[in-house]
Amino acid sequence: MPKKILAVDDERHIVRLVEVNLQRAGYEVVTAYDGREALEKVKAENPDLVVLDVMMPYMDGFEVLKNLKADPVTAEIPVIMLTAKAQDADVFRGWQSGVDCYLTKPFNPMELLTFVKRIFDSVGGGSGGDSGGGSRIKIG
């Protein structure tokens, strides 16, 4: 079965770009367009990885990440922040919050695919929470 990835961004063209490139690489992709919907989709879809924007309506990506890491069921799901928030303070906040990778927009879709593969390789296949606390990749 292909790994399932949740792509979250309020900009639909970014979600579509991420979705198309991940699907071409053989991943199953589900989408969300704001922070609240992201948390709902995580519970409903049990993704193996989340690609998450920061600046979104209702709940920003940092708040989504905080919620994911606070719940034992979702705490081990790897998260890639994909955001225009490129200030050092934002990147540092992402690392402190437990993000596995922090990519800034504009981004190269091939770079995103490389990081997705690295994360799955580092957690023994990216089992979406059953990895027994696999190591995190810090890419910045």
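Hydrogens, waters and symmetry mates are skipped; everything else that's a heavy atom, side chains included, is used.
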State, yes or no, whether a side-chain contact exists between [X] and [Y] at a heavy-atom distance under 4.5 Å.
{"X": "V51", "Y": "V8", "result": "no"}
{"X": "L39", "Y": "L68", "result": "yes"}
{"X": "L52", "Y": "L82", "result": "no"}

Taking every non-hydrogen atom, the tightest pair across [X] and [Y]:
{"X": "A32", "Y": "K41", "result": "CB-CG, 4.2 Å"}
{"X": "Q23", "Y": "V29", "result": "CG-CG2, 3.8 Å"}
{"X": "L113", "Y": "A25", "result": "CD2-CB, 3.7 Å"}

- Does the pair E40/R36 count as a salt bridge with the N-to-O cut at 4.0 Å? no
Spell out, as yes or no, whether a donor-acceptor pair under 3.5 Å connects the side chain of [X] to the backbone of [Y].
{"X": "D9", "Y": "D53", "result": "no"}
{"X": "K4", "Y": "L49", "result": "no"}
{"X": "K43", "Y": "A38", "result": "no"}
{"X": "K3", "Y": "E28", "result": "no"}
{"X": "K105", "Y": "T83", "result": "no"}

- Message: Going by ring-ring contact (aromatic ring centres under 6.0 Å, His included), name the pairs with one or both residues in residues 20-59, residues two or more places apart or in two chains.
- Response: Y27-F120
Once you round to the nearest 0.5 Å, how far does [atom1] of [X] lie from [atom2] of [Y]?
{"X": "M81", "Y": "R93", "atom1": "CE", "atom2": "CZ", "result": "8.0 Å"}
{"X": "D60", "Y": "D34", "atom1": "CG", "atom2": "CG", "result": "11.5 Å"}
{"X": "D90", "Y": "M55", "atom1": "CG", "atom2": "CE", "result": "8.5 Å"}
{"X": "I5", "Y": "E19", "atom1": "CD1", "atom2": "CD", "result": "11.0 Å"}
{"X": "S122", "Y": "F115", "atom1": "OG", "atom2": "CZ", "result": "12.5 Å"}
{"X": "L17", "Y": "E11", "atom1": "CG", "atom2": "CD", "result": "11.0 Å"}

- Message: Can you tell me if N108 has over 12 outside heavy atoms packed within less than 6.0 Å of its CG?
- Response: yes
- Task: Output, in order, the C-alpha distance, side-chain angles, deciding distance and verdict of side chain to side chain contact (heavy atoms under 4.5 Å, CB included) for I119 and I80.
- Result: CA-CA 9 Å; I119 288 170; I80 295 175; 3.5 Å; yes
- Task: Run the numbers on T31 and L6 for side chain to side chain contact (heavy atoms under 4.5 Å, CB included), then give the verdict.
- Result: CA-CA 5 Å; T31 60; L6 173 62; 5.6 Å; no
- Message: Test side chain to side chain contact (heavy atoms under 4.5 Å, CB included) on L112 and N21; report intermediate values, then the result.
- Response: CA-CA 9 Å; L112 174 62; N21 281 280; over 6 Å; no
- Message: Apply side chain to side chain contact (heavy atoms under 4.5 Å, CB included) to residues K85 and T104 and explain how you reach the verdict.
- Response: CA-CA 7 Å; K85 302 274 285 178; T104 56; over 6 Å; no
- Message: Which Ile, Leu, Val, Met, Phe, Trp or Tyr residues join M1 in one cluster when any pair of side-chain heavy atoms under 4.5 Å counts as a link?
- Response: none
- Query: Under 4.5 Å between side-chain heavy atoms, hopping through other hydrophobics if needed: is there a path connecting M56 to V15?
  - Reply: no
